[in-house]
Amino acid sequence: MARPGLIARFVGSRNGLGFLFMLPAAVFLLCFLTYPLGLGVWLGFTDTTIGRPGIFIGLENYIWLSDDPVFWLSVFNTLLYTTVASVLKFVLGLWLALILNERLPMKNLFRAIILLPWVVPTVLSALAFWWIYDSQFSIISWVLMKWGWIDAPINFLGDPGMARASVIAANVWRGIPFVAISLLAGLQTIPQSLNEAAALDGATSWQRFRRITLPLLTPIIAVVMTFSVLFTFTDFQLIYVLTRGGPVNATHLMATLSFQRAIPGGQLGEGAAIAVAMIPFLLAAILFSFFGLQRRKWQQGGGD
Amino acid sequence: MTMKRRKFLAGTAGLAATGLAAGPFAVGRAIAQGAGMSFTPEEGASLRLLRWVPFVPGEEEAWNANTQAFTEATGVQVQIDQESWEDVRPKAAVAANVGSGPDMVMSWFDDPFQYPDKLVDVTDLATGLGEANGGWYEGLEGYAKQDDTFIAVPLCAIGNAICYRDSHMKAAGFDTFPEDTDGFLELCKAMQSNGTPAGFPHGKAVGDGNNYAHWLLWSHGGMTVDENGEVAIDSPETRAAIEYAKALYATFIPGTESWLDINNNRAFLAGQISLTANGVSLYYAAANDPAMSEIAEDIRTVNLPIGPVGESVELHQTSTLSIFDHCQYPEAAKAYIEFMYQPDRMNAWIEGASAYCCQPLKAFADNPVWTSNPVHEAYANASASLRPNGYAGPLGPASAGVMADYVLVDMFAEAVTGQRSTDDAIANAARRIGRYYR
């Protein structure tokens with residue numbers, strides 16, 4: 001019997017076939033994820049502008065950014081935006097999920113309605129918020145003025161504090177459904193018998209929530225909140241439509257500043273450096289959720 | 001199907017625009033013009049032009065009709081691709097870099113200076129057109145000329161002017177519009193106390209915000225950099241400009257620091273403000289809406305007031321035409337541009353643009369569009385009062401970057417909102433400008 005050819009042997013072997021099956025995914029990852037990321041990191045070390053290839057300038061972009069108050073303002077804004085919006089989304093989303101997990105009339109209808117903010121394209125809902133927050137035509141200001149509560153329209157997007165609160169509110173509105181529906185799915189995996197047993201033992205509903213629901217929900221929470229934090233941290237559309245980073249950069253996020261410097265401003269190198277500067281924060285968020293929230297002991301109800 | 005109908009409409013509009021007697025002879029005249037022109041297209045040439053999406057249908061119709069006439073006269077097909085105005089810059093830059101794509105681009109501001117060595121030298125064409133038509137306006141020429149070489153052909157200025165409610169100005173005790181900055185401040189104060197305030201954007205409004213910020217700085221004699229590109233923002237003139245901006249800001253309707261480009265239009269049309277600066281589009285938004293005829297009849301336009309610098313200086317918006325050096329048919333491209341600038345072609349286009357586009361050549365200043373409606377008049381001066389971005393320094397990626405990064409807009413906004421002191425706002429702007437001009 002003739003020995004099978006090289007290719008046939010390769011395909012026939014366990015490892016060879018596995019390699020072949022992995023190849024498409026690997027090529028995809030390399031071409032569409034690793035290469036762009038690598039290129040972005042490289043651009044951050046050059047002075048590339050639109051229309052002119054750059055030369056390697058080492059850390060110059062980062063040195064400049066470290067001394068740039070606008071950049072640090074955007075870092076502060078991004079952290080504030082992410083933290084406040086994520087906490088609010090988590091608390092409100094969990095609350096909604098718990099309510100929806102109860103026996104409610106027309107439960108499915110409510111669940112469908114909850115999803116709406118998530119279904120509407122972000123740019124459209126952002127445009128709606130743009131009108132809601134308009135400095136002259138805000139519906140909120142209008143109603144409050146009709147009621148005689150205020151005399152002048154609220155300066156939603158003009159005052160730095162108000163502008164930050166406004167964009168966070170819009171982001172929370174949009175992000176709640178994702179958290180609520182995902183946590184609701186998680187809640188439904190918790191066996192009812194545990195709750196019943198605890199109830200028989202005389203546990204209050206707060207104790208049942210604290211000792212049964214929450215620990216069993218943590219793996220889901222970890223995943224959901226990781227995604228939620230990542231979405232929030234990299235938000236762009238909402239800011240771009242509502243304020244473009246104004247007033248006076250009070251709502252500039254790292255993503256919007258990166259775009260402004262790189263594309264309209266033409267400073268691709270610097271824009272890439274700002275984008276790269278987001279990576280450590282994102283990694284930290286991921287590591288925290290995976291190593292912090294997914295600890296077995298905590299999930300099983302033990303203390304730290 | 002729709003394409004064909006559109007082309008047909010454009011063609012008929014062009015015939016109508018060519019003039020009273022020209023009707024049936026339009027094609028014949030075009031050929032006659034072709035004979036007198038200095039550039040002969042290469043055999044079998046075809047062209048692609050990348051342009052910004054037109055603001056008014058009349059402008060697009062006139063441009064396309066002129067293009068159609070060029071094709072009929074020379075046999076050169078011209079494909080016109082439209083991009084939204086914010087996307088022209090990156091697209092053109094990529095085309096220049098990669099060396100393929102459109103042959104010509106209708107771009108904004110200092111774009112040609114981002115890739116000057118990727119453009120065809122059009123000095124012969126531009127000099128010829130200038131000599132034949134009374135010369136280029138200085139500011140527009142600045143956007144097209146690097147040292148002694150034309151790297152682009154100036155196309156137009158998209159004018160910016162003050163739009164105000166005449167009755168509200170009169171009610172505030174002013175019979176005529178003040179021409180200087182001091183009188184203007186008084187007017188704004190009076191209008192504010194009358195409950196009909198002014199409003200200029202201090203937010204990230206690409207067009208209106210930059211126009212206002214540059215006028216504030218330049219009218220007081222300030223400049224971002226000097227002739228050598230050295231930072232020159234830290235000056236008594238800039239301080240005066242900021243103090244003036246603060247005084248003016250105090251008279252505005254609240255909320256202007258959040259305004260993007262459209263907000264002043266909205267507030268004006270809703271009667272919330274009675275004075276702002278804008279393109280002629282503001283007037284047309286009112287004039288085209290029967291419900292707003294009252295506002296439309298009350299609108300007057302005037303150039304922004306003259307400051308201590310003693311002359312009318314504004315940024316406006318500029319567009320130029322340039323030819324990429326990867327174009328296979330540079331002679332055809334030059335012939336196309338030359339054709340489009342022939343007096344009756346150019347005049348038809350300017351007229352079609354109904355005061356959006358101000359002529360690049362002085363000979364076209366008597367275009368009937370400027371006198372057809374008193375509202376248009378202020379926009380006729382756009383090319384004359386225009387000063388290139390990044391004054392007094394050279395144009396290039398640095399000047400473009402400073403504007404795109406809203407350095408001046410931010411400087412004024414920081415100071416008027418009290419977020420930074422005048423000195424800190426200037427220092428911050430100086431740092432950012434220095435970075436771009438390093």
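Just so we're on the same page: letters track the sequence lines, and every chain starts at 1. Just so it is clear, the model here is predicted, and its values are computed rather than measured.
- Using a 3.5 Å distance cut-off with no hydrogens or angles, the side chains of B/E257 and A/N155 do pair a donor with an acceptor.
- Put simply, the side chain of B/R435 never gets that close to the backbone of A/W64: no donor and acceptor are under 3.5 Å apart.
- B/D117 CG: more than 12 foreign heavy atoms inside a 6.0 Å radius.
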request  = Could you go through the side chain to side chain contact (heavy atoms under 4.5 Å, CB included) check for B/D405 and A/Q260 one step at a time?
outcome  = CA-CA 6 Å; B/D405 206 13; A/Q260 178 182 307; 2.5 Å; yes
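- A/F156 does not touch chain B: none of its heavy atoms, backbone or side chain, sits under 4.5 Å away.
- The shortest non-hydrogen separation linking A/V248 to B/T417 is CG2-OG1, 4.1 Å.
- Residue A/F32 places its CZ atom among 12 or fewer non-hydrogen atoms of other residues, nucleotides or ligands, all under 6.0 Å distant.
- Only the side chain of B/V206 comes within contact range of chain A, with at least one heavy atom under 4.5 Å from a heavy atom of that chain.
- Chosen from B/E86, B/M403, B/R420, B/Q419, the residue pairing most often with chain A at heavy-atom distances under 4.5 Å is B/Q419.
- Here the CG atom belonging to B/N263 is positioned 5.5 Å from the CH2 atom belonging to A/W130, to the nearest 0.5 angstrom.
- With chain B as the partner, the residue from A/I263, A/L257, A/D68 showing the most heavy-atom pairs under 4.5 Å is A/D68.
- Here B/R438 contributes atom CZ and A/D47 contributes atom CG; the two are 6.0 Å apart, rounded to the nearest 0.5 Å.
- Applying a 4.5 Å heavy-atom cutoff, the residues of residues 421-432 of chain B that approach chain A are B/N428, B/R431, B/R432.
- The part of A/L242 that comes within reach of chain B is its backbone (N, CA, C, O), which places non-hydrogen atoms under 4.5 angstrom from that chain.
- Crowding of B/K246 atom NZ: a count of heavy atoms from other residues, nucleotides or ligands under 6.0 Å exceeding 12.
- One N or O on the side chain of A/Q136 and one on the backbone of B/P254 form a donor-acceptor pair closer than 3.5 Å.
- To the nearest 0.5 Å, atoms CH2 (B/W259) and CG (A/D134) are separated by 9.0 Å.
- Of the residues considered (A/T243, A/L157, A/N249), A/N249 shows the highest number of contacts with chain B, using heavy-atom pairs under 4.5 Å.
- B/R89 and A/P264 make their closest contact through NH1-O, 3.2 Å (heavy atoms, listed as atom of the first residue, atom of the second, distance).
- Both cation-pi conditions hold for B/R266 and A/W131: the charged atom is under 6.0 angstrom from the six-membered ring centre and inside a 45 degree cone around its axis.
- Looking at B/F412, there are no atoms closer than 4.5 Å to chain A (heavy atoms on both sides), in backbone or side chain.
- Applying the 6.0 Å contact sphere to CZ of A/F28 captures no more than 12 heavy atoms from other residues, nucleotides or ligands.
- Of the atoms belonging to A/P153, not a single heavy atom falls under 4.5 Å from chain B.
- Remark: A/F137 CZ is packed, more than 12 non-hydrogen atoms of other residues, nucleotides or ligands lying under 6.0 Å away.
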